[in-house]
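Chain naming here is simple, since letters A, B, ... match the order of the sequence lines and numbering starts at 1 in each. Because only heavy atoms are used, hydrogens play no part in the values below, and waters and symmetry mates are left out as well, while side chains stay in.
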2 protein chains.
Amino acid sequence: MDTRTDTHQPADAKPDPMRIERLCIERGLKMTGQRRLIARVLSEAVDHPDVEELYRRALALDSRVSIATVYRTVRLLEEKGILERHDFGGGRARYEATDHGHHYHLIDIETGKVIEFSDAQHEALAEAIAARLGFRLVGHRLELFGRRAAPEAATPPRRAPKRRSGEGA
Amino acid sequence: MDTRTDTHQPADAKPDPMRIERLCIERGLKMTGQRRLIARVLSEAVDHPDVEELYRRALALDSRVSIATVYRTVRLLEEKGILERHDFGGGRARYEATDHGHHYHLIDIETGKVIEFSDAQHEALAEAIAARLGFRLVGHRLELFGRRAAPEAATPPRRAPKRRSGEGA
DNA sequence: CTAACTGCAAACGTTTTGCCGGTGA
DNA sequence: TCACCGGCAAAACGTTTGCAGTTAG
């Protein structure tokens, strides 16, 4: 397929607000009110929210959720392969639905914003490297940390995150 | 330089047991007994120890260190650019000296062992992708998760780590 | 009916920090 | 000298869990 870098962020604004719920049912999960709520918040997210953010969004729709349930749900969905957990530095796990195929992340270190992209060339390279080292590739992650290139007025400086976790050198 | 994947693990068994200490002095850090001790442990490490492991190794040489000091030192050294923090999953940060140039990691998901490698082709690709997306690349990380390829008797199964952090999909 | 679920608060494991008496430069 | 440092114990942080009551299927 494509050999070029291909961005796809808020482009496809998650069209289906029930996708996650459907997946839950498929895997035989009991659909309670809070589960449905959290599923909806997740389905609608176009970013990579952490648990607190999910909790905040859920609360805004219905106050009968506890953060413990968000933690439990998010973990459960990850175990079921419905969610993917990421660590972009900053000490909290961030989640995203497992769909829109393999992609990588570019983190804007000024704003913390995450841009998704895919790149077939990289995909092939990763595979080749693993093979060269005598391994069968099971998974891989590529994260780029960058600063918006030159041209315009600089974004105001950003306070350092709460500190924790590994940044790429 | 090389365009091929190049492994370099315990190969170069850190020849200089004072490298870190020298760097500390260069950056104007006060060299106390415990600082020197920790620096030495770090200089001698050929792996990616976490804080507890560093503490254990330091204690074995001299019992007058506290784990708080290890935490403080490791953080300080990271801020000074002497150490690099990694999160390979498992809930604790792991450290390695910032030297032997840019390299990436392949994590053997059976054993948890980390193999380092460098790859100029990937390096160039990362740079190109960032540019293509309108960013200046500040750092990047590539982590491969793999299973030793076919041939020999399989390594015994390994219990899952303490749970936390992001695995590559 | 009952296994799966929830809220709450307490527990967890890692990491940071306040206090305050030391110590290297 | 004195700004920086180390030990200790307590706090903070994100996250998990035991308990007891609730609910989906």
Does a nitrogen or oxygen in the side chain of [X] sit under 4.0 Å from OP1 or OP2 of [N]?
X	N	value
Gln34(B)	dG7(D)	yes
Arg35(B)	dG6(D)	yes
Thr32(A)	dC5(C)	no

Could you state the atom-to-atom distance from [atom1] of [X] to [atom2] of [N] in whole Å?
X	N	atom1	atom2	result
Leu76(A)	dA4(C)	CG	P	12 Å
Leu77(A)	dT15(D)	CG	C1'	16 Å
Arg92(A)	dA12(D)	CZ	P	16 Å
Ile38(A)	dC5(C)	CD1	C1'	11 Å
Leu59(B)	dG7(D)	CG	C1'	13 Å
Arg94(A)	dG14(D)	CZ	P	14 Å
Glu79(B)	dC5(D)	CD	P	12 Å
Asp87(B)	dT15(D)	CG	C1'	14 Å

Phe88(B) ring center within less than 6.0 Å of His105(B) ring center:
yes
Contact between Phe135(A) and Leu144(B) at the side-chain level, heavy atoms closer than 4.5 Å - yes or no?
no
Select from Gly33(B) and Val51(B) the residue whose nearest nucleotide in DNA chain C is closer to the 5' end of that strand.
Val51(B)
Residues passing the side chain to side chain donor-acceptor pair (under 3.5 Å) test with Arg19(A), sequence neighbours excluded, are none
Set of residues satisfying side chain to side chain donor-acceptor pair (under 3.5 Å) with respect to Arg64(A), sequence neighbours excluded
Asp62(A)
Which of residues 23-31 of chain A have a heavy atom under 4.0 Å from DNA chain D?
Lys30(A), Met31(A)
Quick one: salt bridge (Lys or Arg N to Asp or Glu O under 4.0 Å) partners of Glu127(A), sequence neighbours excluded?
none
Among all residues two or more places apart in sequence or in another chain, which pass the side chain to side chain contact (heavy atoms under 4.5 Å, CB included) test with [X]?
X	answer
Glu53(B)	Pro49(B), Asp50(B), Arg56(B), Arg57(B)
Ala124(A)	none
Tyr104(A)	Phe117(A), His122(A), Glu123(A), His140(A), Leu142(A)

Return the residues of residues 64-72 of chain B meeting this criterion: a heavy atom under 4.0 Å from some atom of DNA chain C. Order them by number, or give none.
Ala68(B), Tyr71(B), Arg72(B)
Can you give me every donor-acceptor pair (side chain of residues 22-29 of chain A, partner residue at least two apart or in another chain, under 3.5 Å) with its distance?
from     : atom 1 : to       : atom 2 : distance (Å)
Arg22(A) : NH2    : Asp16(A) : OD2    : 2.0
Arg27(A) : NH1    : Lys80(A) : O      : 2.6

